[in-house]
Amino acid sequence: MSIYTLKLNTVKDLEELRQSFQESTTGYRHTIYVCGGAGCNSSNSDAIVQALKKAITLRGLSQEVRLVVTGCVGLCAQGPCMIVDPEGVFYGNLTPEKIKMIVDKHLIGGNVIREYCYQDTVTGEYIPYTKDLPFFSSQVKIALRNVGRIDYSSIEDYIGHDGYFALAKVLNEYGRERTIQEITDSGLRGRGGAGFPTGTKWKSGFDQPEGQKYIICNADEGDPGAFMDRSILEGDPHSIVEALLIGGYCIGANKGYVYVRAEYPLAVERLTEAIQQARDTGLLGEHILGSDFNFDIEIRIGAGAFVCGEETALINSIEGHRGEPRQKPPFPFQSGLWGCPTTINNVETLANVPAIINMGAEKYASYGVGRSKGTKVFALAGDLVNSGIIEIPMGIPLRDIIFKIGGGMKDGKAFKAVQTGGPSGGCLTQEHLDVSVDYESLTQAGAIMGSGGLIAMDENTCLVDTARYFVDFVKDESCGHCVPCRDGTTRMLELLEKITGGQGEMEDLDNLEILARTISQTAMCALGQTSPNPVLTTLKYFRDEYVAHVRDKKCPAHVCTALFTYTIDSDKCRGCTLCARNCPVDAISGEKGQPHIIDASACIKCGTCKQNCRFDAIVLN
């Protein structure tokens, strides 16, 4: 019987479907998990899937090899990629031609093709197995437990991996108050950035008078370089459906919303399909699993406003109003969507809920440190060798994330700074590499956990320009509702542009710091209050770079174009004309065989000449 016509009315129905799925997937010699996340899709992973299907069919392996298109495998820098079980072999940077060799030599011949596996950039050694690869072996996956390991499009696969059994336990054994207590005892805190205790939030919703209530999943992930929530929605959408069911039951809501940005079409498509599958099987609707609980979910598409990640701005947007924050109190759990009690959790927070119910609060709380329990998902970006999505137990040092899991800096360059928490986060230095990754420690160091964006920067990064970039982003994303954020971020950007443009004065540094602190203390919502963090931390830890920009009119990293020039060393120049021929604005002149000259007034400082010079004659001044 088709899964779309089968009704799951009881726990026994769930158990029978789980057993049926597990039996149907035994007997295969190999299972191949091909990454179908947005990153690998953009690297043409569909061609890899088609090549695998064709090769498996041609070699008569259909009964021996199971092919699963999954969500994000994690190591995005190696995409398109896949993992072959039971050996746990990781293959990256795949092409259809490589697939043919893997099928013949590995799947048929039993020989791992090491040169198609991960290569250590320092030793040159190939590391085939995920158990030996620090990127994978250092992680503890709870929120990402199914991402990269199940077919995102199959409710059968989700149930086969214990999906919806947490819901069954809540409805048939725990009840509302015990479930809330379990979430409270786990120590789960909001993973969207604020870190508010989830159990306390649910208890507040539960305590509101009976009547219409709502629960909302905040999937408006807007940090540059962040894709934690997107990976969960794309790779394990049913976990969010199940978590909303559990949360809705606990607070007394019969309706849930997922607010997701329009820039995530793949996530929207897969979540929409998961919701429909849950409806078709009776897991959404009336009398869920034979109980008196009724619940349904709708998706609302956001227009990409960063401020709508703030819960009250998100509520305004769902209601059809301009996305602006509301004054609090009242808080959403008191008066939220259409004036009704509303509980809001972000994607990663909700993804933990079914796992906590299944494993138990005590087990979940055994991970982490202090008041920061469990694990945290991070999107590694920037100048790291291993960019991608990871999940680590809270409490490990930044050093392990950057150099062990992240593989260190690309091209052997030196580490300079790391920013955690997105555009509102702070930049930390090499002195902070042993800081524990938890809410309190990062805040004490001047950064924030945020939603989980982590950008590592090497020696060629200008931290003044980095601060300018993030302030420019936040200024554009300000809703304009309050003066400190609307006008204050604009003034901060003007000062930073003055400094990076070579027009800065020493008094600008003091004015910049005063302005930043004023905004952080007076802005209405968290977006404005945290917007000065990149400025304040770079002023604190990299003040010498600001001074160099202002006093010496130099950018030490040679990033700020107004503060450096290109010249040609006449002693090294051989007059090969490569630089002149490749200059996009014809700013280089000279006879063949004779030293060339760069016209500084015409030069746009693109660096093309330096990239093409074979004699190292192009000099940065």
Side-chain angles (χ1 to χ4, degrees), residues 39 43 72-79 81 90-93 114-141 144 224-228 375-422 425-438 441-442 445 447 449-450 452-463 465-466 537-538 541-542 545 556-559:
S43 300
C72 180
V73 169
L75 192 44
C76 301
Q78 296 279 314
C81 56
F90 175 85
Y91 287 115
N93 298 310
R114 301 178 69 90
E115 58 267 30
Y116 292 173
C117 299
Y118 180 91
Q119 184 177 23
D120 188 286
T121 57
V122 176
T123 66
E125 176 190 4
Y126 290 102
I127 308 175
Y129 304 104
T130 56
K131 65 181 178 63
D132 300 324
L133 188 53
F135 179 89
F136 293 105
S137 62
S138 301
Q139 297 187 52
V140 173
K141 294 193 174 184
L144 298 179
F227 48 99
M228 301 78 60
T375 58
K376 181 71 189 78
V377 179
F378 282 95
L380 304 187
D383 301 318
L384 289 169
V385 171
N386 299 332
S387 57
I389 194 85
I390 66 166
E391 184 173 2
I392 50 92
M394 282 204 263
I396 75 169
L398 273 170
R399 185 184 303 277
D400 284 1
I401 294 179
I402 293 169
F403 291 98
K404 191 174 181 180
I405 299 175
M409 300 295 106
K410 293 178 183 176
D411 303 320
K413 294 180 180 177
F415 167 82
K416 184 172 185 178
V418 59
Q419 185 187 34
T420 64
C427 295
L428 303 179
T429 71
Q430 190 165 359
E431 297 176 0
H432 300 98
L433 285 174
D434 294 316
V435 166
S436 167
V437 177
D438 61 75
S441 298
L442 288 175
M449 179 79 75
L454 190 151
I455 302 174
M457 294 166 268
D458 66 23
E459 60 193 280
N460 293 339
T461 304
C462 172
L463 271 300
D465 184 67
T466 298
T537 52
T538 52
Y541 299 126
F542 298 95
E545 284 201 30
H558 298 113
V559 171

Mutual orientation of the aromatic rings belonging to F136 and F90 [parallel < 30°, tilted 30-60°, perpendicular > 60°]: tilted

Nearest heavy-atom neighbours spanning I402 and F415: CD1-CE1, 3.7 Å

Flag side-chain contact, heavy atom, 4.5 Å: L380 against I401: yes

Contact check, side chains of L428 and L442, non-hydrogen atoms, under 4.5 Å: yes

All side chain to side chain donor-acceptor pair (under 3.5 Å) counterparts of S436, not counting sequence neighbours: D438

All side chain to side chain contact (heavy atoms under 4.5 Å, CB included) counterparts of Q119, not counting sequence neighbours: Y126

Under 3.5 Å: donor-acceptor pair, side chain of E459, backbone of A414: yes

P393 versus V140, closest heavy-atom pair with distance: CD-CG2, 3.9 Å

Between OG1 on residue T537 and CG on residue L463, distance to nearest 0.5 Å: 8.0 Å

K416 (side chain) donor-acceptor with T461 (main chain) under 3.5 angstrom: yes

Residue among V437, D434, V418 satisfying side-chain contact (heavy atoms from CB on, under 4.5 Å) with R399: D434

Side-chain donor/acceptor of D458 to backbone N/O of M409, under 3.5 Å: no

Validation row: Q419, C427 side chains within 4.5 angstrom (heavy atoms): yes

Flag if over 12 foreign heavy atoms under 6.0 Å of NZ, K141: yes

Which atom of P128 lies closest to which atom of R114, heavy atoms considered: CG-NH1, 3.5 Å

Minimum-distance pair of heavy atoms, taken over all atoms of K404 and P134: O-CB, 3.5 Å

Non-hydrogen side-chain atoms of L433 and F403 separated by less than 4.5 Å: yes

Where G92 and C81 come nearest, the two heavy atoms and their spacing: CA-CB, 4.0 Å

Side chain proximity check, T420 to M449, heavy atoms < 4.5 angstrom: no

E125 side chain to D120 backbone, donor-acceptor under 3.5 Å: no

Straight-line distance of I405 CD1 to I396 CD1, nearest 0.5 Å: 4.5 Å

Greater than 12 external heavy atoms within 6.0 Å of E431's CD: no

C76 side, atom SG; F227 side, atom CZ - distance, nearest 0.5 Å: 4.0 Å

Closest approach of A77 to N93 (non-hydrogen atoms, all atoms of both residues): O-OD1, 4.0 Å

Side chains of T466 and T538 in contact at under 4.5 Å (non-hydrogen atoms): no

